[in-house]
Amino acid sequence: MAFETPPLPYDYAALEPTIDEATMKLHHDKHHVAYVTNLNGAVEKHPELGKKTPEELISDLGSVPEDVRATVRNNGGGHVNHTMFWQIMKPNGGGNPTGELAAQIDKDFGGFAEFKKKFEDAAVKQFGSGWGFLVYKGGKLEIVTKPNQDSPFSDGLYPIMGNDVWEHAYYLKYNNRRAEYLSAWWNVVNWDEVNKRFAHARK
Ligand code: MN
């Protein structure tokens, strides 16, 4: 198989009570695995695609053969988004942003509290399935939302962090209360990892 689902870097129950064990099991073992399976199906038809990283594939969708382009967009995006998602969370996470990112958040949003509010507001308004992302564009942090499994990589931007607002990410525990999920999610953010990604985004 060209691509593989990375194992979760912690136990399924490790993010309790913010994200419940059942949600993590389904989300990682069923949803993420399905994206990877479907992406591998596209690579079977066009083996040359397997020589690229999933990030490279979704960064240049125009070069992906048309018959599998939508499959790569949706499932390559799903693979990349979820691989990031597991890494930017951790048990006993949360607290305040660290390092250079903390200073940049203060500069661009006027503080962490204001940033959180803007991020939650953007993500709660994403109609249907999608993601809220933080990107670095023109020397500034910016919050963007994307439908489905679309990725900032497809706009030439590196996602520093993102939260999944597909119902599969929160419905078992939070039901239709997406705003409640979004405000609780900060408790599991791995700011050191997000800060590393910020350093990468600035390169
Ligand atoms: Mn998801």
Side-chain angles (χ1 to χ4, degrees), residues 1-44 53-55 57-58 68 70-94 116 119-134 144-154 159-194 197:
M1 286 294 129
F3 301 112
E4 282 179 30
T5 312
L8 269 190
Y10 34 74
D11 292 339
Y12 295 106
L15 305 181
E16 294 259 15
T18 304
I19 304 181
D20 57 291
E21 181 176 9
T23 294
M24 290 299 287
K25 270 189 181 153
L26 280 168
H27 202 171
H28 179 272
D29 293 4
K30 302 295 179 190
H31 292 276
H32 190 167
V33 166
Y35 297 126
V36 173
T37 302
N38 293 335
L39 180 62
N40 283 328
V43 175
E44 266 174 44
T53 66
E55 288 83 359
L57 288 174
I58 60 170
V68 296
T71 301
V72 169
R73 177 180 179 168
N74 292 329
N75 296 281
H79 181 28
V80 169
N81 287 339
H82 288 85
T83 299
M84 170 200 69
F85 189 57
W86 314 131
Q87 287 170 352
I88 61 159
M89 301 189 289
K90 67 170 188 179
N92 305 309
K116 281 200 290 188
F119 190 91
E120 288 173 36
D121 190 51
V124 88
K125 284 179 180 154
Q126 167 58 37
F127 184 75
S129 296
W131 290 74
F133 291 104
L134 181 67
V144 295
T145 56
K146 291 280 178 189
N148 307 313
Q149 294 297 348
D150 285 356
S151 164
F153 276 112
S154 302
I160 298 167
M161 59 175 269
N163 196 358
D164 188 344
V165 294
W166 282 60
E167 287 181 344
H168 67 224
Y170 61 86
Y171 216 86
L172 291 182
K173 180 179 169 82
Y174 297 91
N175 305 139
N176 61 327
R177 302 183 304 278
R178 184 191 286 185
E180 201 180 300
Y181 160 70
L182 284 164
S183 89
W185 183 71
W186 303 109
N187 292 324
V188 293
V189 173
N190 179 347
W191 286 112
D192 289 340
E193 186 62 29
V194 177
R197 295 181 68 92

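The shown structure was predicted, so the numbers you read here are calculated from the model rather than taken from an experiment.
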Interatomic spacing from [atom1] in [X] to [atom2] in [Y] - rounded to 0.5 Å:
| X | Y | atom1 | atom2 | answer |
| --- | --- | --- | --- | --- |
| Trp131 | Asp164 | CH2 | CG | 4.0 Å |
| Ser154 | Leu57 | OG | CG | 10.0 Å |
| Tyr10 | Asn190 | OH | CG | 8.5 Å |
| Ser183 | Lys116 | OG | NZ | 8.5 Å |
| Asp29 | Thr5 | CG | OG1 | 8.5 Å |
| Glu120 | Leu182 | CD | CG | 6.0 Å |

Parallel, tilted or perpendicular: ring planes of Trp86 versus His82, cut at 30 and 60 degrees =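 Answer is tilted, since the angle falls between 30° and 60°.
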
With under 30° as parallel and over 60° as perpendicular, where do the rings of Trp166 and Tyr35 fit, or are they tilted in between?
->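 The rings of Trp166 and Tyr35 stand perpendicular, inter-plane angle above 60°.
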
Partners meeting side chain to side chain contact (heavy atoms under 4.5 Å, CB included) with [X] (sequence neighbours left out):
| X | result |
| --- | --- |
| Arg73 | Leu61, Asp150 |
| Gln87 | Thr83, Glu193, Arg197 |
| Asn38 | Asn75 |

Trace of the side-chain contact (heavy atoms from CB on, under 4.5 Å) decision for Met1 with Glu44 = CA-CA 9 Å; Met1 286 294 129; Glu44 266 174 44; 3.9 Å; yes

Do Asn163 and Tyr181 have side-chain N/O donor and acceptor atoms under 3.5 Å apart?
-> yes

Applying side-chain contact (heavy atoms from CB on, under 4.5 Å), run through Ile88 and Met84 and close with a yes or a no.
-> CA-CA 6 Å; Ile88 61 159; Met84 170 200 69; 4.1 Å; yes

When you measure from the side chain of Thr18 to the backbone N and O of Val188, does any donor-acceptor pair fall under 3.5 Å?
->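 Such a contact is absent between Thr18 side chain and Val188 backbone.
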
May I ask you to decide if Ala123's main-chain N or O and Arg178's side chain share a donor-acceptor pair within less than 3.5 Å?
-> yes

Taking all heavy atoms of [X] and all of [Y], pick out the closest pair and write down the distance.
| X | Y | answer |
| --- | --- | --- |
| Ile58 | Gly77 | CG2-N, 3.6 Å |
| Ala2 | Asn40 | N-OD1, 3.4 Å |
| Phe133 | Pro159 | CD2-CB, 3.9 Å |
| Ala42 | Thr71 | CB-CG2, 4.1 Å |
| Arg177 | Glu180 | NE-OE1, 2.8 Å |

Any side-chain heavy-atom pair of Trp185 and Ile19 under 4.5 Å =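 In contact.
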
Min side-chain heavy-atom separation Leu8-Met24 under 4.5 Å = yes

Give a yes or no on whether a salt bridge exists between Lys25 and Glu21, defined as a side-chain N under 4.0 angstrom from a carboxylate O.
->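 Salt bridge present between Lys25 and Glu21.
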
Mind running side-chain contact (heavy atoms from CB on, under 4.5 Å) on Leu15 and Met89 for me, showing each step along the way?
-> CA-CA 8 Å; Leu15 305 181; Met89 301 189 289; 3.8 Å; yes

Start with the C-alpha distance between His79 and Phe3, add both sets of side-chain angles, then the distance that settles side-chain contact (heavy atoms from CB on, under 4.5 Å), and finish with yes or no.
-> CA-CA 9 Å; His79 181 28; Phe3 301 112; 4.3 Å; yes

Can His32 and His27 be said to form a side-chain hydrogen bond (donor to acceptor under 3.5 Å, both in side chains), step by step?
-> CA-CA 6 Å; His32 190 167; His27 202 171; over 6 Å; no

Please identify each residue that fulfils side chain to side chain donor-acceptor pair (under 3.5 Å) with Asp20, with sequence neighbours left out.
->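 So Asp20 forms a side chain to side chain donor-acceptor pair (under 3.5 Å) with Thr23.
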
List for me each residue that meets side chain to side chain donor-acceptor pair (under 3.5 Å) alongside His28, sequence neighbours excluded, and say none if there are none.
-> none

Can you name the residues that form a ring pair (Phe, Tyr, Trp, His ring centres under 6.0 Å) with Phe119, not counting sequence neighbours?
->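 Phe115, Trp186.
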
Criterion side-chain hydrogen bond (donor to acceptor under 3.5 Å, both in side chains) on Asn74 and Gln149, from CA distance to verdict | CA-CA 5 Å; Asn74 292 329; Gln149 294 297 348; over 6 Å; no

